[in-house]
Amino acid sequence: MGPPIRARSGDPAEAVLVDLNQPQRAAVTAPDGPLLILAGAGSGKTRVLTHRIAHLVATGRVRPHEVLAVTFTNRAAREMRERLVRLLGGEPPGLWLGTFHAIAVRLLRRDGDAIDVPRDFTIYDEGDRQAALRRALQQVGAEERRVSPAAAAGAVSHAKNEGQTPATYASRARTPFEHLIARAWPVYEQLLAESHALDFDDLLLRAVQLLEEAEPVARRYQDRFQQILVDEYQDTNQSQYRIVRALAARHAHLTVVGDPDQSIYAWRGADLRNILSFEADYPQAQVVALEQNYRSTGRILEAAEAVIHANLARVPKRLWTEAGPGPAVTLAQLYDEREEATAVAHEARRLVDHEGASLGEMAVLYRTNAQSRALEEVLLRQGIPYQLVGGVRFYQRKEVKDCLAYLRLLLNPDDEVAFERVVNVPKRGVGPQSLVDLAQVAERAGSSRMAAIPLAGEGRRRSAAAPARRPIHDTISELRGWAPDWPLPTVLDRVLAVTGLRQMVQDGTPEGDERWSNLLELRGLAEEFGSQGAREALPALLEQVALSGDVDSLQEGRAGLTLITLHQVKGLEFPIVFITGLEEGLLPHSRSRDDPAGLEEERRLLYVGMTRAMQRLYLFHAYRRHLYGSPTLAVPSRFLEPLPPEVRRLSTSLGAAPSVRPSWVEDPARPGALSRPLARDAVHARAVAPGAAVASAARFQAGQRVEHARYGVGTILKSTLTRAGEEAVIQFDAAGTRIFAVDDAVLRLVDS
DNA sequence: TGCGGGTCCAGCGGG
DNA sequence: TGGACCCGCA
């Protein structure tokens with residue numbers, strides 16, 4: 001920490017200012033009006049934001065319900081809420097704090113009817129969006145099925161984010177692809193409307209519409225929110241910008257925090273101009289720059305700055321630190337992804353064994369989720385516990401989505417995507433032909449396909465499959481009759497039983513058990529809604545599911561190496577960071593290769609990754625890598641070129657084909673450079689996540705004999721408490737040395 | 001209609 | 001590599 005400013009004891013408003021440096025303090029105490037905080041990596045951004053809210057409240061300048069704070073991720077929202085509760089000594093009543101999407105949903109649920117948004121709209125996630133677009137594409141041109149729904153979804157999403165409408169898009173369409181999208185988009189919109197559904201972009205767009213067109217509603221919120229604070233402002237897209245602007249129209253007591261160098265979401269419509277033109281938007285704006293970095297040691301910061309410095313479109317900025325230089329940044333080339341993973345495992349183990357580090361302090365970063373596979377295989381084989389963040393998300397799993405689709409149909413029988421998903425799950429003999437018949441019946445009746453089921457097979461039209469469709473209808477009508485008053489878990493049990501999902505999933509295979517346990521996990525979530533009736537709890541559950549992208553990502557209560565993408569790691573910090581796959585085509589990713597702006601974003605992505613490291617940073621690239629199943633020769637990333645000579649000298653045959661297959665090479669120029677013990681200084685102490693539950697004492701001690709169900713009897717070499725729990729290094733008599741997260745492993749003390 | 005097996009082609013990131 | 005799609009057979 002910089003020179004702390006001591007508080008006069010007793011005054012809560014002053015207490016909030018303790019341990020802030022001068023610029024941080026200036027930002028926290030800045031008077032009303034527009035405020036731009038340019039916060040470099042590791043400069044205490046979240047801290048400043050939360051302390052500003054606490055300060056505003058503690059000094060009586062606003063009451064909590066007059067504050068709106070917006071973040072980009074659920075994780076950031078959660079963290080900010082926890083910190084606020086600690087600072088203010090309790091939950092601030094009426095405070096609005098959440099992601100842009102969550103805030104938009106809240107606005108629309110309350111006041112959406114002012115612009116004809118159905119009160120009980122369903123939220124379509126990425127999968128739903130693609131399914132809906134698949135149908136739309138089929139309807140407008142069966143011969144052009146080759147367009148992937150994913151590409152179409154991306155195009156529509158992008159166009160929406162740019163504020164286009166189907167009409168404006170159609171008038172600008174040039175390529176065959178664009179013409180096809182121009183035709184499919186209106187059909188897609190109609191499908192959403194019929195389904196009472198909004199996709200993620202609609203949530204924001206409709207909120208914009210509400211605030212720009214429904215004047216009385218807008219005025220109410222403008223009056224209410226006297227202080228608006230926005231995190232990660234560099235990542236706002238046009239809709240988000242307009243939401244903020246509309247809400248701040250009356251008071252303009254707007255605080256935005258961001259770092260242009262950490263803008264990594266242009267592909268999702270983020271517009272760097274929003275932050276760059278803040279001062280033009282609000283000419284009275286004050287600007288505070290936070291440039292002191294409290295996270296990383298000097299060499300790490302130097303290397304990261306060297307990388308980002310190569311970007312041309314950039315606001316000049318220089319981070320500095322009072323921390324010492326720290327260990328050298330290590331750059332190494334490995335033979336292939338397998339050896340890269342082995343090097344990570346090797347070094348991780350060495351740091352644990354010889355330098356007092358723990359796995360919970362380490363993260364392995366990569367560009368694409370696919371890269372986690374090689375890492376997982378090696379870590380699994382070496383018995384090193386790890387925690388994979390992201391990957392196939394819990395709510396994306398087939399059995400979970402199927403179950404959720406039934407739950408959605410309970411509330412909203414018009415949900416065409418949900419209907420199509422489960423009408424034949426489990427198999428009920430309802431195939432494509434039956435669905436076509438049904439769609440015709442539905443169109444004639446002017447109803448949803450779900451509602452048309454009882455009508456199908458009546459009249460002249462012969463439909464052999466009609467009787468087979470009864471089960472789905474009976475199932476739903478029965479569930480609807482029962483659902484509203486029941487507790488949520490009961491409804492869920494009933495859904496699983498009556499629909500036959502349970503029977504389908506539990507097929508006796510290990511995979512079946514896995515699927516079933518996922519459904520039980522969903523049931524566990526349902527239990528958290530307590531005794532509320534399903535009528536209230538079910539919409540809440542579905543909304544939570546739809547809006548929580550990373551609910552099962554990083555769990556701070558578990559030990560082990562963290563495996564995470566460069567995108568997801570933003571906002572986190574680790575004492576030890578490995579960045580893997582620093583190769584052309586991967587980072588920068590091949591899709592950005594010919595796009596200067598894309599290249600700069602890729603470079604920022606690497607910068608974000610490097611600045612996560614507090615003590616040690618490893619940069620790995622391979623000589624060979626399997627891409628899409630086939631081996632390719634990898635070229636070291638161009639981003640490595642500007643690294644300081646000190647770093648580059650450490651590399652092993654960087655940029656050249658190795659004549660001998662290199663193995664994991666430690667620093668050849670400076671033997672011993674990596675073997676100094678990790679300094680347990682102030683910087684390191686920050687590894688303890690604030691508020692994280694840390695057990696008071698380790699359960700195991702060196703020398704104790706324990707038995708593990710799988711590896712037999714062994715001796716504890718050491719056991720340490722980390723922010724993520726207790727970690728034990730055990731020398732097994734027959735199975736070598738392994739590292740365990742004590743909470744996860746079944747260990748029993750044995751008498752020696 | 002369901003299912004096994006072959007082919008083709010994209011290929012990243014996330015609320 | 002693996003998911004989506006197609007085909008032919010039961």
Side-chain angles (χ1 to χ4, degrees), chain A residues 70-77 98-105 123-131 134 137-138 142 145-151 153-154 157 161 198-204 232 235-237 239-240 263-270 337 365-374 389-393 395-396 398 424-435 463-465 468-469 543-551 553 564-571 581 585-593 598 601-602 604-605 608-609 625-632:
Chain A
V70 196
T71 63
F72 262 78
T73 63
N74 295 303
R75 189 173 60 210
T99 63
F100 269 107
H101 291 85
I103 299 288
V105 168
I123 302 168
Y124 274 6
D125 70 11
E126 197 53 44
D128 300 324
R129 188 212 301 260
Q130 287 183 23
R134 186 175 293 123
L137 286 165
Q138 280 165 1
R145 283 192 304 269
R146 295 273 64 157
V147 171
S148 82
S157 174
N161 283 328
L198 301 182
D199 66 23
F200 279 130
D201 301 314
D202 290 336
L203 295 177
L204 302 178
E232 309 278 16
D235 283 331
T236 47
N237 65 24
S239 313
Q240 290 160 335
S263 163
I264 54 174
Y265 285 107
W267 55 274
R268 202 165 83 183
E337 68 271 6
L365 278 42
Y366 38 82
R367 177 66 173 84
T368 68
N369 274 313
Q371 289 169 257
S372 69
R373 262 190 60 186
V389 179
V392 178
R393 313 260 265 281
Y395 296 124
Q396 313 273 54
K398 183 184 178 302
N424 201 29
V425 177
K427 302 272 185 268
R428 297 190 177 91
V430 186
Q433 191 51 51
S434 303
L435 281 177
S463 178
R469 287 196 295 272
E543 186 171 309
Q544 181 179 331
V545 167
L547 292 178
S548 63
D550 56 2
V551 100
S553 30
I564 189 170
T565 67
L566 284 161
H567 280 92
Q568 290 183 99
V569 82
K570 186 159 82 157
L586 223 41
L587 190 72
H589 193 270
S590 50
R591 277 181 81 160
S592 308
R593 195 170 277 161
E601 175 150 320
E602 296 283 306
R604 290 195 292 270
L605 195 51
V608 166
R625 185 173 297 272
H626 287 84
L627 289 179
Y628 319 120
S630 45
T632 51

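In what follows, chains carry the letters A, B, and so on, assigned in the order in which the sequence lines appear, proteins first and then strands, with residues in each chain numbered from 1.
For B/dA10, the paired nucleotide is C/dT1, the pair qualifying as Watson-Crick or G-U wobble because both relevant distances are below 3.5 Å. Across all strands shown, C/dG8 pairs with B/dC3; the Watson-Crick or G-U wobble distances both stay below 3.5 Å.
For A/His567 and B/dG15, the NE2 to P distance is 11 Å, given to the nearest whole Å. Taking atom CD of A/Gln240 as the reference point, atom P of B/dG15 lies 12 Å away to the nearest angstrom. Rounded to whole Å, the distance from CZ on A/Arg129 to C1' on B/dG13 is 14 Å. Taking atom CZ of A/Arg75 as the reference point, atom P of B/dG15 lies 8 Å away to the nearest angstrom. A straight line from CD of A/Glu601 to P of B/dC12 spans 16 Å, rounded to a whole angstrom. Protein atom NE2 of A/His589 is 7 Å distant from nucleotide atom C1' of B/dG11, rounded to whole Å. Between the C1' atom of B/dC12 and the CD atom of A/Gln371 lies a distance of 10 Å, rounded to the nearest Å. Atom CG in A/Leu586 sits about 15 Å away from atom P in B/dG11, given to the nearest Å.
Between A/Leu587 and the choices A/Leu365, A/Thr368, A/Leu605, the side-chain contact (heavy atoms from CB on, under 4.5 Å) rule is met once, by A/Leu605.
Between A/Arg373 and C/dG2 there is a side-chain polar atom (N or O) within less than 4.0 angstrom of OP1 or OP2. Regarding contacts with the backbone of B/dG11, every side-chain N or O of A/Ser590 stays at 4.0 angstrom or more from both OP1 and OP2. Residue A/Gln568 places no side-chain N or O under 4.0 Å from the OP1 or OP2 atom of B/dG13.
Considering only heavy atoms from C-beta on, A/Trp267 comes within 4.5 Å of A/Glu601 through its side chain.
Checked against B/dG15, C/dC5, B/dG13, the side chain of A/Trp267 finds its nearest nucleotide in B/dG13. For A/Asn74, the listed nucleotide lying nearest its side chain is B/dG15; candidates were B/dG15, C/dT1, B/dG11. For A/Thr368, whose side chain is taken as the heavy atoms from C-beta onward, the closest listed nucleotide among B/dG14, B/dG15, B/dC12 is B/dC12.
As judged by a 4.0 angstrom heavy-atom cut-off over every strand, A/Asp199 is placed among residues making no nucleic acid contact. Residue-level contact check: A/Phe100 touches neither bases nor backbone, having no heavy atom under 4.0 Å from any strand.
We find that A/Arg373 and A/Glu337 are not joined by a salt bridge, their nearest charged nitrogen and carboxylate oxygen being 4.0 Å or further apart.
Remark: A/Thr73 OG1 to A/His101 NE2 distance equals 12.0 Å, nearest 0.5 Å. Distance check, rounded to the nearest 0.5 Å: CG of A/Asp201 to CG of A/Asn161 gives 4.5 Å.
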